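These figures come from a predicted structure and were not determined experimentally.
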Amino acid sequence: MFITQELLRKKRDGQELSREELAWFVAGITADTIPDYQVAAMLMAIYFRGMSQAELAAWADAMLRSGDILDLGHIRRPKVDKHSTGGVGDKISLPLAPAVAACGAAVPMVSGRGLGHTGGTLDKLESIPGFRVDLSAERFASQVDELGACLIGQTERIAPADRRLYALRDVTATVESVPLIASSIMSKKLAEGIDALVLDCKVGRGAFMKTADDARTLAGAIQVIGRAAGVPVTCVLSDMNAPIGETIGNALEVAESVAILRGEGPADTRELVVALGAEMLALAGIADGATDGERRIAASLDDGTALAIFRRMVKAQGGDPRVCDDPAAILPRAGAERTVAAETDGVITDIFADDLGLAGLCLGAGRTRKEDAVDPAVGIRLHHRVGDRVVRGEALATLHENGRGAERAHSLVTNAFVITTDGVPAPPPSRILEVIRS
């Protein structure tokens with residue numbers, strides 16, 4: 001038994017808390033025996049004082065053990081997952097999971113809903129008519145075993161301490177704390193019963209981590225927790241200054257994901273799927289390094305095996321599998337479209353992902369509060385990328401809207417495109433900035 005005030009004083013003064021002290025405190029968070037004001041005080045102390053590697057590993061482990069850990073030990077395939085820190089147009093999980101499964105790994109993916117510019121992975125999947133993300137743990141495990149992939153939402157019993165901490169971090173200005181971010185991510189991912197993890201850490205204007213140094217710091221914290229748990233973690237730093245792919249908005253992003261699974265779609269979306277999938281296969285021991293992994297993932301996209309897994313996954317989770325054949329006929333469609341045109345001749349030298357994300361939010365593609373409803377049909381389709389030459393009046397993007405926020409969104413999208421009159425056309429740079437392996 002410990003005294004809460006003494007633990008707060010120790011952390012405030014920069015002393016290291018023991019594994020036992022941290023476990024006791026997290027247990028009090030879970031049981032709601034420590035009041036919010038003392039939990040908030042601990043969060044602020046961690047924000048300013050940070051955590052040692054030993055504290056970080058112990059705190060994350062206590063959060064993990066605050067709830068259930070899925071038992072997937074009966075699944076013979078190596079179990080590997082991917083987590084993204086989020087970005088504008090980030091639909092990578094949808095084609096990635098079936099592509100990795102098609103190559104022989106198991107992908108037990110517990111995903112979240114979006115808070116901000118667009119919906120999360122669950123919101124995107126639920127734009128497919130009938131698709132269910134609320135499967136039981138037993139059905140989840142069974143599908144992972146049978147198909148190699150299943151995408152569901154966090155249950156009430158996965159890392160329940162994180163739910164309370166997450167809500168308090170949001171109202172105490174401690175969201176940016178790297179130890180708190182890392183432990184939140186890993187407590188939920190380790191609860192999946194995985195053997196390895198790839199972290200896609202977005203960097204840039206449209207990301208939470210604005211600089212590569214910030215992303216490396218988070219990657220280091222994630223890997224500390226992974227090592228302590230015996231789970232290797234590879235961190236991929238990827239560019240998030242411009243939006244990913246051609247679409248922003250839930251149904252639109254599902255359609256783009258299907259295109260990727262058909263061996264088509266935007267080059268940068270495919271690049272991320274192939275690169276992240278390659279690292280997952282390498283960690284799983286299926287691929288002999290990243291180059292071999294890239295070859296395998298690319299082949300699964302081009303020969304239809306990844307699409308076949310996705311089709312089975314959609315059907316197994318109650319969705320309409322015809323989305324794989326004709327997304328436009330199955331997915332919800334907005335009531336109106338509005339073109340955003342170039343206001344001058346020149347070359348697109350930048351596209352501000354954060355402005356486009358805000359435009360999607362104005363249209364109803366995302367939520368500002370967790371209880372907000374998301375409109376699955378609305379969003380933005382981009383017709384040009386960085387490095388393209390355009391002429392005045394040419395369509396830069398199309399807004400898919402249902403009568404909400406269109407004027408504001410139009411202004412934001414117009415201003416998001418930087419067109420330089422003396423710019424030189426060039427292919428966009430690679431999305432992959434750096435790979436940090438354990």
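- Salt bridge present: Asp325 and Arg311 bring a charged side-chain N and a carboxylate O closer than 4.0 Å.
- Ionic pairing of Arg437 and Glu279 is present here: one or more N-O contacts between side-chain nitrogen and carboxylate oxygen are shorter than 4.0 angstrom.
- Put simply, the side chain of Gln143 never gets that close to the backbone of Glu138: no donor and acceptor are under 3.5 Å apart.
- A salt bridge does not link Lys79 to Glu192: none of the charged nitrogens lies less than 4.0 Å from a carboxylate oxygen.
- A distance of 9.0 Å separates NE2 in His400 from OG1 in Thr247, rounded to the nearest 0.5 Å.
- Within the 4.5 Å cutoff, the side chain of Val144 has heavy atoms near those of the Ile75 side chain.
- Atom CG in Leu272 sits 9.5 Å away from atom CD1 in Ile260 (nearest 0.5 Å).
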Take Arg296 and Asp292 through the test salt bridge (Lys or Arg N to Asp or Glu O under 4.0 Å) and record every step on the way to the result. CA-CA 6 Å; Arg296 291 171 184 263; Asp292 181 43; 3.0 Å; yes

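- Residues Phe310 and Pro95 fail the side-chain proximity criterion, which asks for heavy atoms closer than 4.5 Å.
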Worked verdict on Asn241 versus Phe352 for side-chain contact (heavy atoms from CB on, under 4.5 Å): CA-CA 6 Å; Asn241 282 308; Phe352 296 153; over 6 Å; no

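- With Leu276 as the partner, the side chain to side chain contact (heavy atoms under 4.5 Å, CB included) test is satisfied by one option alone out of Thr234, Val198, Leu199: Val198.
- Smallest separation of non-hydrogen atoms from Ala353 and Pro243: CB-N, 3.7 Å.
- Side-chain atoms of Thr339 never come within 3.5 Å of backbone atoms of Ala341 as a donor-acceptor pair (strictly under, hydrogens ignored).
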Donor-acceptor pairs under 3.5 Å, side chain of residues 411-421 to any protein atom, not counting sequence neighbours: which ones?
residue	atom	partner	partner atom	Å
Thr414	OG1	His410	O	2.8
Asn415	ND2	Ser411	O	3.2
Thr420	OG1	Thr349	OG1	2.9

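- Inter-residue side-chain proximity for Leu43 and Leu180 is flagged as met; some heavy-atom pair is nearer than 4.5 Å.
- Of the residues His383, Arg381, Glu337, Arg338, the one that meets the side chain to side chain donor-acceptor pair (under 3.5 Å) test with Thr398 is His383.
- In this structure, Glu394 contributes its side chain and Ala342 its backbone to no donor-acceptor pair below 3.5 Å.
- Listed for the Lys91 side chain is no donor-acceptor partner under 3.5 Å among the backbone atoms of Ile248.
- Other residues, nucleotides and ligands place more than 12 heavy atoms under 6.0 Å from the CG atom of Asp134.
- Salt-bridge check for Asp302 with Arg270: passed, with a basic side-chain N closer than 4.0 Å to an acidic carboxylate O.
- Of the inter-residue distances, the one linking Asp388 atom CG with Ile351 atom CD1 reads 7.5 Å to the nearest 0.5 angstrom.
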From CA spacing to verdict: side-chain contact (heavy atoms from CB on, under 4.5 Å), Arg169, Ser184: CA-CA 11 Å; Arg169 284 168 57 206; Ser184 175; 3.7 Å; yes

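- The heavy-atom pair separating Ala99 from Leu301 by the smallest distance is CB-CD2, 4.1 Å.
- The shortest distance between side-chain heavy atoms of Lys82 and Leu96 falls below 4.5 Å.
- Atom CZ of Arg262 has more than 12 neighbouring heavy atoms from other residues, nucleotides or ligands inside a 6.0 Å radius.
- The pair Arg431-Glu271 fails the salt-bridge criterion, with no side-chain N (NZ, NE, NH1 or NH2) lying under 4.0 Å from an Asp/Glu carboxylate O.
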Criterion side-chain contact (heavy atoms from CB on, under 4.5 Å) on Lys202 and Ile244, from CA distance to verdict: CA-CA 11 Å; Lys202 304 295 187 187; Ile244 299 170; 3.4 Å; yes

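- Between Pro78 and Ile286, some side-chain heavy-atom pair lies under the 4.5 Å cut-off.
- With a 6.0 Å radius and a threshold of 12 heavy atoms from other residues, nucleotides or ligands, Glu176 has its CD atom above the threshold.
- Within the model, atoms CE of Met109 and CE of Met313 stand 9.0 Å from one another, a figure rounded to the nearest 0.5 Å.
- A salt bridge links Asp268 with Arg385: at least one charged nitrogen is closer than 4.0 Å to a carboxylate oxygen.
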Please test Arg216 against Glu434 for salt bridge (Lys or Arg N to Asp or Glu O under 4.0 Å), starting from the C-alpha separation and ending with a verdict. CA-CA 9 Å; Arg216 293 187 193 103; Glu434 187 176 341; 2.9 Å; yes

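- The distance from the CG atom of Leu165 to the OG atom of Ser187 is 8.5 Å, given to the nearest 0.5 Å.
- Taking both residues in full, the closest heavy atoms of Val254 and Ser127 are given as CG2-OG, 3.5 Å, listed atom of the first, atom of the second, then distance.
- Under the 4.0 Å criterion applied to side-chain N and carboxylate O atoms, Asp81 and Lys188 are not assigned as salt-bridge partners.
- Looking only at side-chain heavy atoms (C-beta outward), His83 and Met186 stay at 4.5 Å or farther from each other.
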Determine, step by step, whether Arg205 and Met240 satisfy the side-chain contact (heavy atoms from CB on, under 4.5 Å) criterion, reporting the C-alpha distance in whole Å, the side-chain angles of both residues, the deciding distance to 0.1 Å, and the verdict. CA-CA 6 Å; Arg205 281 188 304 266; Met240 193 62 254; over 6 Å; no

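- Taking the side chain as every heavy atom from C-beta outward, Arg164 and Asp36 approach each other to under 4.5 Å.
- In summary, Glu343 and Arg392 do not engage in a salt bridge, as defined by a charged side-chain N under 4.0 Å from a carboxylate O.
- Across Val233 and Ile222, no two heavy atoms sit closer than the pair CG1-CG2, 3.6 Å.
- Using a 4.0 Å cut-off between charged side-chain N and carboxylate O, Asp214 and Lys210 make no salt bridge.
- A donor-acceptor pair is defined here as one N or O able to donate and one able to accept, closer than 3.5 Å; no such pair exists between the side chain of Thr269 and the backbone of Gly265.
- Of the possible polar contacts, none joining the Gln317 side chain to the Ile152 backbone as a donor-acceptor pair under 3.5 Å is found.
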Run Thr305 and Asp303 through side-chain hydrogen bond (donor to acceptor under 3.5 Å, both in side chains) and show every step you take. CA-CA 6 Å; Thr305 55; Asp303 66 15; 2.8 Å; yes

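- Counting all heavy atoms, side chain and backbone alike, Ala101 lies closest to Ala149 at CB-CB, 4.0 Å.
- When all heavy atoms of Ala221 and Leu56 are compared, the closest pair comes out as O-CD2, 3.6 Å.
- In this structure the side chain of Leu64 reaches within 4.5 angstrom of the side chain of Ile69, judged on heavy atoms.
- Crowding of Phe208 atom CZ: a count of heavy atoms from other residues, nucleotides or ligands under 6.0 Å exceeding 12.
- Using modelled atom types, one side-chain atom of Ser66 and one backbone atom of Met63 make a donor-acceptor pair closer than 3.5 Å.
- Salt-bridge check for Asp123 with Arg367: passed, with a basic side-chain N closer than 4.0 Å to an acidic carboxylate O.
- The number of heavy-atom neighbours closer than 6.0 Å to CZ of Arg333, taken from other residues, nucleotides and ligands shown, is 12 or below.
- Taking CD1 of Ile158 as the reference point, atom CG of Leu190 lies at 11.5 Å (rounded to 0.5 Å).
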